[in-house]
Amino acid sequence: MDAILIRGGGPLRGKIQVSGAKNAALPILCATLLSDGASRLRNVPALRDIETTAALLRFLGRDVTVTAPEVHVAGGSDVRPEAPYELVKQMRASVLVLGPLVARFGRAKVSLPGGCQIGARPIDQHLKGLEALGCSIRLERGYVIAEGPENGGRLRGSEVYFDIPTVTGTENLMMAAALAKGRTTLVNAAREPEVEELGRVLNKMGAEVDGAGTDVIHVKGSERGKLVPFDHAIIPDRIEAGTYMVAAAIAEGSDVVLEGAQVSDLEALIVKMRAAGVEVTSEGQCLRVCRRGPLRAVNVTTAPHPGFPTDMQAQFLVLMCLARGESVITETIFENRFQHVPELQRMGAAIALRGRTAVVQGVEALNGASVMATDLRASASLVIAGLVASGETEVRRVYHIDRGYERIVEKLSGVGARIERVRGAEA
Ligand code: EPZ
């Protein structure tokens, strides 16, 4: 297994191009199941999760060509609506084929994703929503078996009240509703930019989606029960951009421009970075991050969009490890998303964990160490810590990083980081 080796040191300077958004590309790839014909996605990042989704679509019977940053998906109605455990266990987001399959083919058999490192992550809201659209749902030997009304008939538009704003739950129901008869209203829906992006694509396919990006979404399913393929360029990845903003801010004297970052998607993070004493300015399609003085401690509580993103919690916590004073980081979305903390403590960070809260006491410096990545965003936080730690940091299990960061070593060394990937470093 590969590892990433970082020699901590000076400020970062230069430009980083932000890639397309992983969490927008995944649902949109699954939306290709809603129509026959050939769809094209552009600005798609070269990531393991994209390859896993492509493998799943091929298993379902689609013809998929991945030549990043483009993905072509083609095929007709000869689809086997079954997503096996072997594929779903690799990536929870595979559950996003459930809505499109049952809406398009009247039935679907999809492996339950099971728990993950950061929490139990049930899909009860997805299933409740599909039942509201007329599906019968049963769980059998670790699989969800969903069937349209009257033995696999067309879904019916309806009202769905989410007990909790769920991103992929909202996306699954938007896709199912796009082929349902009549209108569907999704209340307490997730408002993430990736949900809004899916709404744009479903409108290109012939559905009528209103309100994506707000907590009430209206979907009028295609009259003819048919949707058309699409050609679409994916929005930039706000979490990748946010990760590099923090990487830039961690070392005094840094001055980094993020090309293609969408400012409006990063407001909650920008507010907290400025409160910490980091200069963040937007220049056209770019964001500029400069660090000219000491960091101030800032409290953060994660929340659904437009609140502070949970996917930036680990990275921002590292920044607070080097701030003057005490900061309190509260994780409200996932029950087990502090696994980066013991690794940061091994690098000399002063953090006390109390349930879903981390109390961070700023220290003068971190020291390099061998550390273990546990999940995608935790691994990004360890790389950021390694950029300023004294000596060498070795981040192991980097396959977590490959899931969500395109060419992270090249991008960081391009702005002056001393970072390299060591092939087969770990037995
Ligand atoms: C999406 O996951 C993202 N993944 C996650 O990003 C992100 O952390 C998360 O949203 C929150 O922003 C993708 O978009 C592919 P949720 P998702 O359903 O949809 C509970 C990354 O690092 N819940 O919004 O799975 C759930 O347990 C990944 O890129 C239920 O209880 O998250 C959690 O506590 C990690 N029942 C909360 O809601 C349900 O049916 C929010 O989860 C669904 C969710």
Side-chain angles (χ1 to χ4, degrees), residues 19-31 45 47-50 52-53 56 88 90-99 110 112-132 137 139 144 160-175 186 188-198 215 234-235 237-243 265 268-269 302-316 330-337 339-340 356 373-381 400-406:
S19 301
K22 166 183 82 82
N23 289 348
L26 302 182
I28 292 172
L29 277 168
C30 297
L47 299 172
R48 200 149 60 79
D49 277 8
I50 300 291
T52 308
T53 312
L56 177 56
V88 174
Q90 294 176 39
M91 182 189 69
R92 300 181 48 74
S94 309
V95 73
L96 284 164
V97 298
L98 180 59
V110 174
L112 273 167
C116 98
Q117 289 284 350
I118 63 178
R121 303 181 75 177
I123 60 164
D124 57 303
Q125 299 296 305
H126 301 231
L127 305 182
K128 181 182 89 160
L130 290 173
E131 280 175 332
I137 302 271
L139 304 182
V144 177
V160 176
Y161 289 80
F162 290 112
D163 301 334
I164 186 167
T166 155
V167 175
T168 49
T170 302
E171 293 165 341
N172 241 332
L173 266 296
M174 285 166 74
M175 293 190 275
L186 306 177
N188 196 24
R191 304 165 58 182
E192 271 66 7
E194 296 76 24
V195 170
E196 209 173 335
E197 179 74 339
L198 177 63
D215 60 357
I234 304 275
I235 53 173
D237 194 316
R238 64 193 167 101
I239 305 299
E240 187 209 24
T243 301
D265 294 345
L269 176 64
T302 65
H305 191 82
F308 189 95
T310 172
D311 294 347
M312 281 304 305
Q313 177 258 96
Q315 302 93 315
F316 196 82
T330 307
E331 175 55 58
T332 69
I333 308 290
F334 293 110
E335 63 273 24
N336 188 28
R337 202 168 202 180
Q339 294 183 68
H340 39 289
R356 289 202 183 189
T374 47
D375 62 79
L376 171 57
R377 307 305 171 183
S379 45
S381 76
H400 288 292
I401 277 205
D402 296 339
R403 297 193 51 190
Y405 291 94
E406 182 182 41

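The model shown is predicted, which means the values in this text are computed figures rather than measured ones. Every number for a ligand or one of its atoms is a count from 1 in the order of the listing. The basis for the numbers below is simple: all heavy atoms, side chains too, and nothing from hydrogens, waters or symmetry mates.
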Residue shell for ligand 1, any heavy atom closer than 4.0 Å, reads K22, N23, A93, R121, P122, I123, D124, Q125, H126, I164, P165, T166, V167, T168, T310, D311, I333, F334, R337, L376, R377
I'd like to check V144 versus L130 (side-chain heavy atoms, cut-off strictly below 4.5 Å). Are they in contact? no
Under the rule for side-chain contact (heavy atoms from CB on, under 4.5 Å), what residues qualify as partners of E335, not counting sequence neighbours? A120, R356
Salt bridge (charged side-chain N to carboxylate O under 4.0 Å, His left out) pairs, two or more places apart, involving residues 161-171: K128-D163
Quick one: does any side-chain atom of Q339 pair with a main-chain N or O of Q117 as donor and acceptor, under 3.5 Å? yes
Examine distances only and state if a side-chain atom of R92 and a backbone atom of R121 form a donor-acceptor pair shorter than 3.5 Å. yes
For residues 19-30, which side-chain donor-acceptor pairs fall under 3.5 Å, sequence neighbours excluded?
residue : atom : partner : partner atom : Å
S19     : OG   : E406    : OE1          : 2.5
S19     : OG   : K411    : NZ           : 2.7

